[in-house]
Amino acid sequence: MRLTVSKFAKLADTTVRTLRHYRQLGILVPSQKNENDHYVYVNEDFKRLHEIQLLQSLGLSLNEIKVCLENPQYSFDEIVRVQEQSLKQKRKAIDCSLALIERIKWLTEKDQFNELNSELLMLLMNSMRVEEAQKKLLQKYVSTDMIEKVFPEDISKQTYLDEQIYNLLLLVHRAAVNDLKPDHPSIQQQLKDLIANTQFNNLILNDEIKNEEFYKNVKPYESLVPKHTMDFLTEAFEVLNTKKKSSKGSR
C-alpha cells in the first residue's frame, strides 16, 4: 500500500500539516516517492507514527522523541521507567499548584469589602510556594510543634493563617495609601489585633549564635516581600515590642 500524504493523514486520523512537521523534524520521513517525486507512505510508516504518538502520550517532546528514535540503544522499557518518574514529579507539582490556587480562591471568596489586591495576592502566593523549603530550614532551629503552628497541616488553621498574613500585607498597603507611619495608633492597634491569635511572635530563637545563622539562612526569602513592606513591618513590630516592654516595666 502506497498512500499520498493526504490519504495517509486521513487514515491515520492526523493532519497533513502534522505529517509535514514530523518530516521536517526527521522523525517520520517516508522512504518512498511516486512517479511525480512526491513522498508516499507505506505500512511501516503507520508503525512509526503510532510509536511517535505513544511517546507523546507519555509526555515526551518531539525533540526528545527524535533523540530516542535516532539512538541505536533506544529502549522503550527505559523510556517508560524514566517517564514514570518524570510524570510523578509533574503530578506532584500540579497538585501543589492546585492547592495554592485553592488557598487563594478561599481568600477571594471571603472578601466582603472588595479590597483584594492582585499584587498582594501574588506576594502571598509566592510565599506559599516556598513553604516546604522554609519548613526544612526551621527544623534546624525550632520544635516540630512550633513549625506546625507556623505552617499548620490542618486546612482550617492554614486558611485562617493565610487570611491573617494577607491582612498584615493589606495593613501596610492601607498605611501607604493613607500616609500613616508604623507608629500610628491605628496601625499599632491593628497590628496588635492581628498577631494576638497567631504564632509569629513566638518564633523567637534564644541562642544568639543560632540567631545569626538563622537570619543568614532566611536572607534569600526576604526578596519575596518588597523592601518597603519589610521595613514598615519591622519598624511597626519594634514599636509594638517597645510598648509591651514599657507596659511590663510599669507594672
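Using a 4.0 Å cut-off between charged side-chain N and carboxylate O, Lys135 and Glu131 make no salt bridge. With respect to the salt-bridge test (charged N to carboxylate O, under 4.0 angstrom), the residues Glu84 and Arg81 do not qualify.
Taking the side chain as every heavy atom from C-beta outward, Leu19 and Thr14 approach each other to under 4.5 Å. Looking only at side-chain heavy atoms (C-beta outward), Val16 and Ser6 come within less than 4.5 Å of each other. Put simply, the side chain of Ile104 does not reach to within 4.5 Å of the side chain of Tyr166, judged on heavy atoms. Under the 4.5 Å side-chain criterion, counting only non-hydrogen atoms from C-beta, Glu153 is not in contact with Gln158. In this structure, the side chains of Val225 and Leu233 stay at 4.5 Å or more apart for every pair of heavy atoms.
In this structure, Tyr41 and Phe8 have parallel ring planes: the angle between them is below the 30° cut-off, well short of the 60° mark.
Side chain of His21 to backbone of Arg17: no donor-acceptor contact under 3.5 angstrom is found. Formation of a donor-acceptor pair under 3.5 Å by the Ser86 side chain with backbone atoms of Gln83 is not found in this model. Asn178 places no side-chain N or O within donor-acceptor distance of the main-chain N or O of Leu180, the cut-off being under 3.5 Å. Of the possible donor and acceptor atoms, none in the side chain of Gln190 sits under 3.5 Å from a partner among the backbone N and O of Leu171.
Taking a 6.0 Å sphere around CE of Met122, one finds it holds 12 or fewer heavy atoms contributed by other residues, nucleotides or ligands. No more than 12 heavy atoms of other residues, nucleotides or ligands shown are found within 6.0 angstrom of CD on Glu119.
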Discussion item. Could you walk me through whether Asn34 and Tyr39 satisfy the side-chain hydrogen bond (donor to acceptor under 3.5 Å, both in side chains) test, starting with their C-alpha distance in whole Å, then the side-chain angles of each, then the deciding distance to 0.1 Å, before giving a yes or no?
Written reply: CA-CA 6 Å; Asn34 61 18; Tyr39 284 108; over 6 Å; no
Fill in: Step-by-step salt bridge (charged side-chain N to carboxylate O under 4.0 Å, His left out) determination, Glu132 to Lys136
CA-CA 6 Å; Glu132 287 304 316; Lys136 289 181 181 178; over 6 Å; no
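Side-chain N/O atoms of Asp154 and Ser156 include a donor and acceptor closer than 3.5 Å.
In terms of hydrophobic clustering, with Ile, Leu, Val, Met, Phe, Trp and Tyr side chains grouped at heavy-atom distances under 4.5 Å, Leu87 and Ile52 are assigned to different clusters.
Atom-to-atom distance recorded for Lys157:NZ and Lys149:NZ is 9.0 Å, nearest 0.5 angstrom.
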